[in-house]
Number of protein chains: 2
Amino acid sequence: MPNDPFQWDSREDCEVRQILDRIADKWSLLVMALLENRTMRFTELLKTVDGVSQRMLTVTLRQLERDGLVSRTVFPVIPPHVEYSLTDLGRSLNTTVTALVTWTESHQSDIAASRARYDEAVAG
Amino acid sequence: MPNDPFQWDSREDCEVRQILDRIADKWSLLVMALLENRTMRFTELLKTVDGVSQRMLTVTLRQLERDGLVSRTVFPVIPPHVEYSLTDLGRSLNTTVTALVTWTESHQSDIAASRARYDEAVAG
DNA sequence: CGGAATCCACGCCGATACTG
DNA sequence: CAGTATCGGCGTGGATTCCG
């Protein structure tokens, strides 16, 4: 029963938790969501992903590439031309990620309401 | 078209991103996964969620409670008795979270292999 | 038992400068 | 254009202590 949380949760060297931690990263989610539609270039991503620094985008893309979720294609021209796109693995992940994003969008108001209620109760 | 990544991604005050960031938090995912099965007490969670500190567990539970994903029930006895369980909202989220966890488990070896390949290429 | 509060180390990340 | 390298601040979170 691989879905039992007690299984993947209590193991010492659980690599799944590490992987999950990386996948659930803020910028990774954003980048993968953008690349779902089409191939993009570095600067393009930098301008589109609002708030990301060049450093973090570089680091994020390297990690995604290392995990085999994103492929990096370099065209040996001057000036350099690099394209990023999702791999098949990345695309298969994106289905679930999209579900997560969709859930958040649908329940955004519920959460906002809950927060308002909570803050009200604390303040009172 | 609420699912268009360019929508929720480029807006300045996008609350969805903030919510998503919190939901995708490492400990939140773990705690919710554990609470999917049953109600748990604080110390029980502390012992089960391997690696979490008391501080982080407290903070995580407070956030989850504020977001309306987890309910906190205090029994006014001595010694204190507090139970945590998922709300309906939390349960509806857990379906997608479980999907994410399942994906990670299924593709764990793919990612490990990709990492090994990447590291090999870098070292060589 | 289930926290709250305080202190502080460390590692993350932004800013900046430089390069092929 | 697409990075790498370096530095420094500061926020995150661990350890510890105390409390109802």
Side-chain angles (χ1 to χ4, degrees), chain A residues 12 17-31 34-35 38-67 70-85 118-119 121-124, chain B residues 12 17-31 34-35 38-67 70-86 118-119 121-123:
Chain A
E12 293 285 350
R17 279 179 50 186
Q18 179 212 338
I19 294 177
L20 203 57
D21 208 29
R22 167 142 342 183
I23 287 174
D25 171 68
K26 178 183 183 177
W27 300 128
S28 297
L29 291 179
L30 289 170
V31 166
L34 283 172
L35 291 180
R38 59 190 182 88
T39 290
M40 291 182 77
R41 300 182 58 177
F42 185 85
T43 306
E44 205 179 352
L45 283 167
L46 193 60
K47 283 184 295 187
T48 309
V49 181
D50 174 75
V52 73
S53 67
Q54 191 191 54
R55 176 193 173 82
M56 284 318 293
L57 182 57
T58 302
V59 170
T60 301
L61 286 170
R62 286 292 174 279
Q63 290 175 345
L64 290 174
E65 186 192 1
R66 188 170 107 98
D67 289 348
V70 159
S71 71
R72 179 170 178 266
T73 311
V74 181
F75 297 86
V77 297
I78 296 178
H81 185 114
V82 180
E83 289 186 347
Y84 293 94
S85 61
Y118 184 91
D119 294 344
V122 170
Chain B
E12 294 284 351
R17 276 178 53 184
Q18 178 213 337
I19 295 177
L20 202 57
D21 208 29
R22 167 145 342 182
I23 288 175
D25 171 68
K26 178 183 184 176
W27 301 127
S28 298
L29 293 179
L30 289 171
V31 167
L34 283 172
L35 291 180
R38 59 190 182 90
T39 290
M40 291 181 77
R41 300 182 58 178
F42 185 84
T43 307
E44 204 179 352
L45 283 167
L46 193 59
K47 284 184 293 186
T48 309
V49 181
D50 174 75
V52 74
S53 68
Q54 190 193 56
R55 174 192 173 83
M56 285 320 292
L57 182 57
T58 301
V59 171
T60 300
L61 287 170
R62 285 293 173 280
Q63 290 176 345
L64 290 174
E65 186 192 2
R66 189 169 106 98
D67 289 350
V70 159
S71 71
R72 179 170 178 266
T73 311
V74 181
F75 296 86
V77 297
I78 295 179
H81 184 114
V82 180
E83 289 186 347
Y84 292 94
S85 61
L86 284 187
Y118 184 91
D119 295 343
V122 169

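Residue numbers start from 1 in every chain, and the chains themselves are labelled A, B, ... in the order their sequence lines are given, proteins ahead of strands. Basis for what follows: all heavy atoms, side chains included, without hydrogens, waters or symmetry-related copies. All figures in this text were calculated on a predicted structure; none of them were measured in a lab.
- Where DNA chain D meets chain B (any atom under 4.0 Å from a heavy atom), the bounding nucleotides read 5' to 3' are D/dG13 to D/dG20.
- Smallest separation of non-hydrogen atoms from A/Val52 and A/Met56: CG2-CB, 4.0 Å.
- Each of A/Trp27 and B/His81 was assigned the nucleotide of DNA chain C with the nearest heavy atom; the assignment lying further toward the 5' end belongs to B/His81.
- Backbone-only contact: B/Tyr84 has heavy atoms under 4.0 Å from sugar-phosphate atoms and none from a base.
- Between A/Pro80 and A/Gly51, it is A/Gly51 whose nearest contact on DNA chain C lies nearer the 5' terminus.
- For B/Glu83, the salt bridge (Lys or Arg N to Asp or Glu O under 4.0 Å) criterion is met by no residue, not counting sequence neighbours.
- Against DNA chain C, the stretch residues 54-63 of chain B makes heavy-atom approaches under 4.0 Å through B/Gln54, B/Arg55, B/Thr58, B/Arg62.
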Please output the side-chain donor-acceptor pairs of residues 70-78 of chain A that fall under 3.5 Å, not counting sequence neighbours, one pair per line with the distance.
unit_1, atom_1, unit_2, atom_2, d
A/Ser71, OG, A/Ser85, OG, 3.0
A/Arg72, NE, A/Tyr84, OH, 3.2

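- In this view, B/Thr39 satisfies the side chain to side chain donor-acceptor pair (under 3.5 Å) rule with no residue, not counting sequence neighbours.
- Nucleotides of DNA chain C lying under 4.0 Å from heavy atoms of chain A occupy a range whose first and last members, 5' to 3', are C/dC13 to C/dG20.
- Taking CE from B/Met40 and CG from B/Leu46, the interatomic distance works out to 10.5 Å, rounded to the nearest 0.5 Å.
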Extract all donor-acceptor atom pairs below 3.5 Å that involve side chains of residues 22-29 of chain A and protein atoms in other chains or at least two apart in sequence.
unit_1, atom_1, unit_2, atom_2, d
A/Asp25, OD2, A/Trp27, N, 3.2
A/Asp25, OD2, A/Ser28, N, 3.0
A/Asp25, OD2, A/Ser28, OG, 3.1

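- Between the CG atom of A/Leu35 and the CG atom of A/Leu61 there is a distance of 7.5 Å, given to the nearest 0.5 Å.
- Sorted pairs that involve residues 53-64 of chain B and meet side-chain hydrogen bond (donor to acceptor under 3.5 Å, both in side chains), not counting sequence neighbours, are lacking altogether.
- For the helix from C/dC1-D/dG20 to C/dG20-D/dC1, the axis fitted to the five pairs at one end and the axis fitted to the five pairs at the other end meet at an angle of 50° (nearest 10 degrees).
- Residues B/Arg17 and A/Asp50 are in side-chain contact: their nearest non-hydrogen atoms beyond the backbone lie under 4.5 Å apart.
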Q: Evaluate side-chain contact (heavy atoms from CB on, under 4.5 Å) for A/Leu30 paired with A/Thr48, printing each intermediate quantity in order.
A: CA-CA 10 Å; A/Leu30 289 170; A/Thr48 309; over 6 Å; no
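- Backbone-only contact: B/Pro79 has heavy atoms under 4.0 Å from sugar-phosphate atoms and none from a base.
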